[in-house]
Amino acid sequence: MNRLPRSFFARPAPAVAHDLVGKLLVKSDDGLLARIVEAEAYTDDEPACHAYRGQTARNAPLFGPPGHAYVYFTYGMHWCMNTATGAAGEGQGCLLRAAEPLEGLDLMRERRGGVRDRDLLRGPGRLGQAFGLGRDDSGTDLCDGGTLYIADDGTRPAVLTGPRVGVALAPDLAWRFRAAESGHVSPYKRHPRAGNAPAGTYSGG
DNA sequence: CTACCGATGCGCT
DNA sequence: GCGCATCGGTAGC
């Protein structure tokens with residue numbers, strides 16, 4: 001089980017998001033381990049990305065060097081985690097949308113308030129809550145040997161590609177990547193204001 | 001399983 | 001003030 005090097009993240013967000021499926025999310029100080037089963041790509045040339053309207057204090061980690069966390073607060077209650085990708089200055093990243101819990105389930109259950117185990121990490125807000133993520137985690141370097149990082153154990157699941165969940169803008173860009181065989185993937189919800197989906201949106205990969 | 005709806009507070013126009 | 005990369009509850013199929 002090897003920590004992912006910065007070079008893994010120094011590629012375009014869609015390639016990184018695809019390759020994050022099957023990797024391990026680790027928070028070693030809490031004893032937490034989970035397998036990522038779903039990730040999405042966001043880049044500053046499309047309007048669903050938090051970097052689309054330029055750099056601010058909030059989204060600065062997206063514009064920094066790759067391999068850093070961008071953790072943002074949304075809907076008044078949820079913290080969601082991204083990894084910055086590409087080169088410094090590019091404003092892009094990958095949202096970690098869902099994972100399969102492997103170790104530290106008791107702490108995850110405590111933080112998540114007794115939901116079914118299948119739902120501990122099934123969604124970006126749920127993942128953030130179970131991992132205890134917050135404002136202080138935004139900007140964390142995932143590649144400097146710290147306690148929050150992503151690792152590779154050689155698992156290579158089949159990956160499906162399709163439109164991103166819940167985005168009002170650029171709703172048909174097929175930048176959601178999920179493990180084909182996992183029961184821990186989040187449910188797909190199209191944004192109410194996004195119009196109708198085109199035919200045949202999902203494909204293997 | 002899908003569909004709807006309210007909660008909740010921050011960032012930005 | 002408006003909208004949001006969401007979630008949990010409830011209702012219905």
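Remember, it's a predicted structure, so these values are computed and weren't measured experimentally. The figures here come from the full heavy-atom set of this structure, side chains too, leaving out hydrogens, waters and symmetry mates.
Between A:Asp172 and A:Arg190, at least one side-chain N (NZ, or NE/NH1/NH2) sits under 4.0 Å from a carboxylate O, which counts as a salt bridge.
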Given protein heavy atoms under 4.0 Å, the one-letter contact record of nucleotides 5-11 of chain B, with B base, S sugar-phosphate only and - none, is simply --BBBSS
If you write DNA chain B from 5' to 3' in dot-bracket form, with Watson-Crick or G-U pairs under 3.5 Å, [ ] for crossing pairs and | for pairs with another strand, what do you get?
-> |||||||.||||.
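At least one side-chain heavy atom of A:Asp117 sits less than 4.5 Å from a side-chain heavy atom of A:Leu120. Considering only heavy atoms from C-beta on, A:Leu95 comes within 4.5 Å of A:Tyr42 through its side chain.
What separates CG of A:Asn82 from P of C:dT6 is a distance of 11 Å, to the nearest Å. The nearest whole Å value for the distance from the CG atom in A:Leu62 to the P atom in C:dA5 is 13 Å. For the pair A:Tyr72 OH and C:dC4 P, the computed distance is 12 Å after rounding to whole Å. For A:Glu46 and C:dA5, the CD to C1' distance is 10 Å, given to the nearest whole Å. Atom CD of A:Gln55 and atom C1' of B:dC12 are 16 Å apart (whole Å). Rounded to whole angstrom, the span from the CZ atom of A:Arg193 across to the C1' atom of C:dA5 amounts to 14 Å. Here B:dC4 presents its C1' atom at 18 Å from CZ of A:Arg190, a figure rounded to the nearest Å. Rounding to whole angstrom units, OH of residue A:Tyr52 and P of C:dC4 are separated by 14 Å.
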Could you walk me through whether A:Lys27 and A:Asp29 pass the salt bridge (Lys or Arg N to Asp or Glu O under 4.0 Å) check?
-> CA-CA 6 Å; A:Lys27 194 166 191 293; A:Asp29 53 343; 3.5 Å; yes
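The number of heavy-atom neighbours closer than 6.0 Å to CZ of A:Arg6, taken from other residues, nucleotides and ligands shown, is above 12.
The two residues A:Gly166 and A:His191 come nearest to each other via the heavy atoms O-CD2, 3.4 Å. Residue A:His50 comes nearest to A:Tyr70 through the heavy atom pair ND1-OH, 2.8 Å, listed as atom of the first residue, atom of the second, then distance.
Comparing A:Val167 and A:Lys189 along DNA chain C, the residue whose closest nucleotide (by nearest heavy atom) sits nearer the 5' end is A:Val167.
Rounding to the nearest 0.5 Å places CG of A:Leu24 at 10.0 Å from CD of A:Glu100. Rounding to the nearest 0.5 angstrom, the gap separating the CG atom in A:Leu142 from the CG atom in A:Leu4 is 9.0 Å.
None of A:Arg97, A:Arg122, A:His184 except one satisfies the side-chain hydrogen bond (donor to acceptor under 3.5 Å, both in side chains) rule with A:Glu38; the exception is A:Arg97.
Checked against the 6.0 Å centroid criterion, the rings of A:Phe73 and A:His78 do not qualify as a close aromatic pair.
Residue A:His50 places at least one side-chain N or O under 4.0 Å from the OP1 or OP2 atom of C:dA5.
Within a heavy-atom distance below 4.0 Å of DNA chain B, no residue of residues 94-130 of chain A is found.
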